[in-house]
Amino acid sequence: MLLADVVAASRAASATRSRLAKTAAVAEALRAAGPDDAATVAAYLSGVLPQRRIGVSWRGLATLPDAAAEPTATVAEVDRALTTIGAVSGSGSAAARATAVTELFSRLTSDEQDYLRALVTGQVRQGALDGVMLAAVAAAADVPEAEVRRAVMLAGHTGPVAAAALAGGREALAQIGLEVGRPLRPMLAASAPDVDAAWEQAAVEGQGVVVDGKLDGIRLQAHRDGDDVRLFTRSLDDITDRLPEVVEAVLTLPAQRLVVDGEAIALDGAGRPRPFQETASRTMSSTGVDELRATVPVTPYFFDLLHVDGEDLLDLPATERFARLADLVPEPWLVPRTTASSATQAAEFFHQLVADGHEGVVVKSPTAPYAAGRRGAGWVKVKPRHTLDLVVLAVEWGSGRREGWLSNIHLGARDPGTGDFVMLGKTFKGMTDEVLAWQTARFLELETSRKGHVVHVRPEQVVEIAFDGIQTSSRYPGGMALRFARVIRYRDDKTAAEADTVDTVRSLRG
DNA sequence: GGGACAGCATC
DNA sequence: GTCGGAA
DNA sequence: TTCCGACGATGCTGTCCC
């Protein structure tokens, strides 16, 4: 198949807002691709590179060579070229990569160049990603979407499932099972503003809910096959070599083959959670692991059991999986957990866990099976919310659907000593289209200067901001930054002189 | 040897 | 990661 | 309900470059 055919399908998907029409356009391309190209085409049309990382992004594609006149490049050729580019390493690799990029892009037409650049930089915007692709695979192979979804969960990636479905239909999909050693997509949680709302979503008549502590670490899926242990992140990266103490822990469990799901987190000497940044630093570094594990050890906390000694547990009700987990994993490696027969009980557990320094809770339906890739009502997370009244210091012009609107706002806290404002971060979240329109007009009124896409404004507009916590920052002058900041509302009843101060923010850091 | 930068990952 | 819009 | 696309802060690695 030609890359131009993929570009055309992407165009067709972009051209309509109807999800069904997008699905049809993608499905047609899948059918046309044939078994050899299906996996690559499925990846491309869901905005993903099969190679995942190739060491080239926006900067490396800023200037492209002259385009070809006619489309000749095949999907397979492009895929091979990208694999080659991704494999280059060592001294001189930047130049070698640039040469290979130029060579590849010079064979593409202008439309193909634009598309491949967007694909490589993760900027494909066709209103169709993995969700539409699932439906498209089902349509193209004439198989039930639920079976595609399940196969993708178990295989971890859509491309190979698309290829299997097109080549062998339902029988081929049924061959895709849970394999110990191969990561599967982790189940995700929906979110709710408070425990009552979470209870409403997850509670089962007569059984209440299971409430888990939400630990502020990184997601961890552990596979054991005899003496071989593999550890995977939420995005299915293999991080086995980074966490030897977790490998050792898994090897002590009384089963030869198992798959467990949990969270890895660094604790301090008193057993309280360290700031997320410290867990992140430890779990993401792959050099000097031996010294690191001595100073910042990581503890696994498991909350689900997916497979044990030949038996898949995914479809069992949560309470049964959890009981089997508790039989297998010693208490120190189990996530804090309780059952609650009322929202009030669940709220008590929430407050206790937050007091212990944890991020919140995940409220779980006792009957829900393990279902990846969807944020259904089976699991619902709840975190405490903090708010501050801050002052807008500057605004950035938006892009995409926010083109022409002032979007991303720079947030500052008052410094009572100097009368200045100290920037604590930015946010573009929480604005309706109506608010976007209002703030565009408002900040153009307050404009003092412009630099690039940043509009600086007189620091007069107060905005109420919600956030999850304070992080230490080397980027911002106060040494602090807000985590997950979002707009609640603009406050016209407060002047900048009444905004919250850096001292208030500092006291929240704890 | 060490800082700057780009890319990619975590949340 | 959060959030709003849209199917 | 579900999916998509607006974009956030931070830390590590590999490479370049002085």
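This one's a predicted model, so the numbers in the text were calculated from it and none came from an experiment. Every chain is numbered from 1, with letters handed out A, B, ... down the list of sequences.
At the phosphate of D:dT10, neither OP1 nor OP2 sits under 4.0 Å from any side-chain N or O atom of A:Q277. Distances shorter than 4.0 Å separate some side-chain N or O of A:S281 from OP1 or OP2 on D:dC12. At the phosphate of D:dG8, OP1 or OP2 sits under 4.0 Å from a side-chain N or O atom of A:N408. Between A:T279 and B:dC11 there is no side-chain N or O to OP1 or OP2 distance below 4.0 Å.
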Fill in the blank from the handout: A correct 5'-to-3' footprint of nucleotides 1-7 of chain C, with B, S and - meaning base, sugar-phosphate only and no protein heavy atom under 4.0 Å, is BBSSS-S
Handout entry: Contact letters for nucleotides 13-18 of chain D, in which S counts primed atoms plus P, OP1 and OP2 and B counts the base, heavy atoms under 4.0 Å
Key = S-SS--
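Residue A:E263 is out of contact with every strand shown, counting any heavy-atom pair closer than 4.0 Å. Residue A:S399 is classed as a sugar-phosphate contact, given heavy-atom separations below 4.0 Å to backbone atoms only. The residue A:A481 sits close only to the backbone: its heavy atoms come under 4.0 Å of sugar-phosphate atoms, none of a base.
Atom CD of A:Q201 and atom P of D:dT2 are 10 Å apart (whole Å). Rounded to whole Å, the distance from CD on A:Q471 to P on D:dT10 is 6 Å. For the pair A:L390 CG and D:dG8 P, the computed distance is 17 Å after rounding to whole Å. Put simply, CD on A:Q123 is 10 Å from C1' on D:dC7, counting in whole angstrom units. Counting to the nearest Å, the C1' atom of B:dT10 and the CD atom of A:E278 are 15 Å from each other.
Here A:E263 contributes atom CD and A:D212 contributes atom CG; the two are 11.0 Å apart, rounded to the nearest 0.5 Å.
Side-chain polar atoms of A:S235 and A:D237 form no donor-acceptor pair below 3.5 angstrom.
Dense packing is recorded around CG of A:D268, with more than 12 heavy atoms of other residues, nucleotides or ligands lying under 6.0 Å away.
If you check residues 47-62 of chain A against DNA chain B, the residues with a heavy atom closer than 4.0 Å are A:R52, A:R53, A:I54, A:G55, A:V56, A:S57, A:W58, A:R59, A:G60, listed by number.
Remark: the separation of the C1' atoms in B:dC11 and D:dC7 is 14 Å, to the nearest Å.
Between the A:Y370 side chain and the A:M187 main chain, a donor and an acceptor come within less than 3.5 Å of each other.
Nearest to the side chain of A:F276, among D:dC4, B:dC11, D:dT10, sits B:dC11.
Salt bridge annotation for A:D304-A:K364: absent, with no cationic side-chain nitrogen under 4.0 angstrom from a carboxylate oxygen.
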